[in-house]
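Please read the structure below before turning to the comments.
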Amino acid sequence: MKILVIGSGAREHAICDALSSKNNKVFCAPGNDGMKLSGIHSANIDENDFDSLVNFAIKENIAYTIVGPEAPLVNGIVDFFEAHGLRVFGPNKRAAQIEGSKSFTKSLLKLANVPTAEYSEFKDYKAAEKYLNHLSEYPVVIKADGLAAGKGVYIVKDFDEAIEITSGLLNEHKFETSKIVIEEYLDGEEFSLMAFVNNGKFYPMPAAQDYKKLRDGDKGSNTGGMGAICPVNNISQSTYDRAVNKVLKPFIETLTEDHIKYTGVLYAGLILTDKGIKVIEFNVRFGDPETEVVLPRLKNNLSNVIFSILNGDNPEINWETSGVDLGVFASVSGYPDLPIKNANLGTTESFENLNCDINYAGVKLNGDSFDSNGGRLFVVKTHGDDLETTQKLIYQEMKKLKQENIFCLYL
Ligand code: AMP
Ligand code: GLY
């Protein structure tokens with residue numbers, strides 16, 4: 001069977017690895033040069049070039065396509081593929097608003113009676129300023145409505161900062177949005193819970209946690225994710241069960257009741273506060289970098305799971321229950337503000353000799369070496385019996401690579 005994965009990062013590499021078998025030929029569009037080392041075929045097509053992707057899927061007789069990133073989903077890639085009679089695993093344009101529009105999701109959460117931060121929406125700067133004038137408690141969270149590549153969320157500490165951010169968003173239109181959400185700041189342990197969803201039926205994955213901050217000790221600016229772990233130490237089985245039954249279940253039931261057809265992966269970003277579990281966000285796709293540490297725990301081939309879901313059947317899904325999967329992202333110097341370009345990262349052989357798995361992201365081949373091709377470069381990851389030995393192995397292996405030009409977080 002030929003399968004097409006859309007995207008180019010470490011998440012897509014992990015999805016491709018989980019699909020690979022002697023019976024499957026896996027293509028990734030556009031993919032990256034690092035994936036080629038694992039036998040993944042890249043198709044040099046941009047993830048938003050729907051016409052070329054459809055033509056490729058038809059020409060190659062692709063059995064089905066999996067969409068990695070949110071932008072093509074929010075732009076309606078699923079509707080487009082289906083209109084051409086092609087099978088695709090992901091939510092359609094309407095359902096993808098769950099990630100594309102925070103206010104759309106907040107209304108669904110209210111309908112589903114699922115706890116989330118209290119919030120207010122504003123289109124008008126003056127109205128937002130008036131609201132902030134009457135606000136007594138800080139920090140508060142200000143979010144741009146719509147996709148802002150993970151950058152549209154600000155935790156602000158006082159009124160002056162709130163005004164500056166609000167003005168940047170509503171007066172200067174820093175992101176392509178005409179609306180902001182101002183919401184209550186939630187404090188607690190964050191965790192991510194993903195599920196395969198098939199129109200009302202859902203199959204939860206193990207909980208994972210990503211590390212968003214740039215610096216050690218949970219400090220610095222937010223990034224696209226510096227590493228991830230699965231399962232999550234501080235999340236007990238009963239918290240996990242509550243997250244499944246009190247968040248995923250009612251939310252997915254509400255989608256069905258509202259006639260919002262949803263097939264694909266649903267990602268819940270959750271926080272365990274002293275008042276219980278609350279939703280921070282929903283995404284309409286596999287999380288990155290959580291997927292890199294969750295999918296290796298899937299004991300079945302991912303292609304059987306997705307194929308069975310697309311056929312409307314109940315997939316057989318078994319998860320590894322012991323040990324830990326840890327992944328650490330290496331980023332290029334200067335990331336996220338000014339990532340240096342075309343930095344030499346060492347020979348491909350030095351990567352192939354590591355005693356850990358690697359999922360590649362922003363790398364490109366230059367002769368027998370890799371150069372940087374983006375901010376976040378690759379994830380070094382492995383499965384181990386416990387956190388301590390797993391961490392030790394990863395950092396020991398990471399040190400075998402050329403150290404110049406890269407950095408990582410000590411998770
Ligand atoms: P989002 O894009 O909504 O997922 O937000 C990105 C990150 O900002 C989250 O993973 C949290 O770490 C943080 N965040 C978002 N909303 C809140 C909130 N209401 N309270 C505390 N932290 C938040
Ligand atoms: N790890 C957060 C996300 O995938 O959006």
Side-chain angles (χ1 to χ4, degrees), residues 7 9-12 14-15 67-71 73-74 96 98-106 109 114-121 135 137-157 162 165 169 175 177 179-195 205 207-214 218-230 232 264-275 277-295 327 329 336 359 361 376 379 409 411:
R11 164 185 52 203
E12 285 73 25
I15 295 171
V67 188
E70 60 276 20
L73 290 166
V74 172
I98 292 169
E99 181 157 359
S101 162
K102 292 195 195 291
S103 51
F104 180 78
T105 310
K106 288 283 189 187
L109 284 166
V114 171
T116 184
E118 293 297 326
Y119 80 108
S120 304
E121 291 170 21
L135 203 67
E137 262 188 67
Y138 282 88
V140 75
V141 184
I142 303 183
K143 301 183 179 185
D145 196 47
L147 296 184
K151 291 185 219 129
V153 178
Y154 302 87
I155 296 169
V156 300
K157 60 178 183 322
I165 301 289
L169 294 172
F175 298 105
T177 181
K179 206 197 283 182
I180 61 165
V181 170
I182 301 183
E183 72 176 33
E184 170 198 9
Y185 172 75
L186 301 174
D187 197 17
E189 186 82 19
E190 276 188 57
F191 62 107
S192 318
L193 178 59
M194 298 187 276
M205 304 185 202
Q209 198 167 46
D210 70 341
Y211 293 80
K212 287 203 171 70
K213 298 282 195 230
L214 183 65
D218 215 19
K219 297 208 170 70
S221 50
N222 264 351
T223 69
M226 300 297 286
I229 187 167
C230 179
V232 187
V265 167
L266 185 66
Y267 167 115
L270 304 172
I271 186 161
L272 180 59
T273 70
D274 54 11
K275 294 198 185 87
I277 302 169
K278 295 198 179 190
V279 171
I280 287 195
E281 61 164 346
F282 268 111
N283 295 325
V284 294
R285 47 159 177 90
F286 280 106
D288 193 2
E290 290 91 334
T291 301
E292 290 90 308
V293 292
V294 169
L295 285 184
F329 237 117
N359 289 148
R376 288 187 310 152
V379 175
L409 202 68
L411 302 184

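Whatever order the structure lists them in is the order used to number ligands and atoms, beginning at 1. When reading the values below, keep in mind they use all heavy atoms of this one structure, side chains included, and skip hydrogens, waters and symmetry mates. Everything numeric here is computed off the predicted structure, so don't read it as measured data.
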Could you check which of Val181, Leu270, Ile182, Ile280 puts a non-hydrogen atom nearest to atom 23 (C) of ligand 1? Ile280
Criterion side-chain contact (heavy atoms from CB on, under 4.5 Å) on Arg11 and Arg285, from CA distance to verdict: CA-CA 10 Å; Arg11 164 185 52 203; Arg285 47 159 177 90; 3.2 Å; yes
Taking only heavy atoms of Arg285 into account, list the atoms of ligand 2 that are under 4.0 Å away from them. 3 (C), 4 (O), 5 (O)
Heavy-atom side-chain proximity of Phe329 to Asp288 below 4.5 angstrom: yes
Does Phe286 reach ligand 2, in the sense of a heavy atom lying below 4.0 Å from it? no
Does ligand 2 have a heavy atom under 4.0 Å from the side chain of Gln209, from its backbone, from both, or from neither? neither
Interfacing atoms of ligand 2 (cut-off 4.0 Å, heavy-atom, Tyr267): 1 (N), 2 (C), 3 (C)
Would you confirm whether Thr105, through its side chain, and Ile98, through its main-chain N or O, come within 3.5 Å as a donor-acceptor pair? yes
With atom 9 (C) of ligand 1 as the reference point, say which of Glu190, Lys278, Glu183, Glu118 has the nearest heavy atom. Glu190
Could you tell me whether a side-chain N or O of Glu184 sits under 3.5 Å from a main-chain N or O of Glu118, the two making a donor and an acceptor? yes
Contacting atoms of ligand 2, where contact means under 4.0 angstrom from a heavy atom of Gly287: 4 (O)
At less than 4.0 angstrom from any non-hydrogen atom of Tyr185, what atoms of ligand 1 do you find? 20 (N), 21 (C)
Within ligand 2, which atoms have a heavy atom of Asp210 less than 4.0 Å away? 1 (N), 2 (C)
Has Glu99 got a side-chain atom pairing as donor or acceptor with Ala96's backbone, closer than 3.5 angstrom? no
Does the pair Lys106/Glu121 count as a salt bridge with the N-to-O cut at 4.0 Å? no
For Leu186, which part has a heavy atom under 4.0 Å from ligand 1: side chain, backbone, both, or neither? both
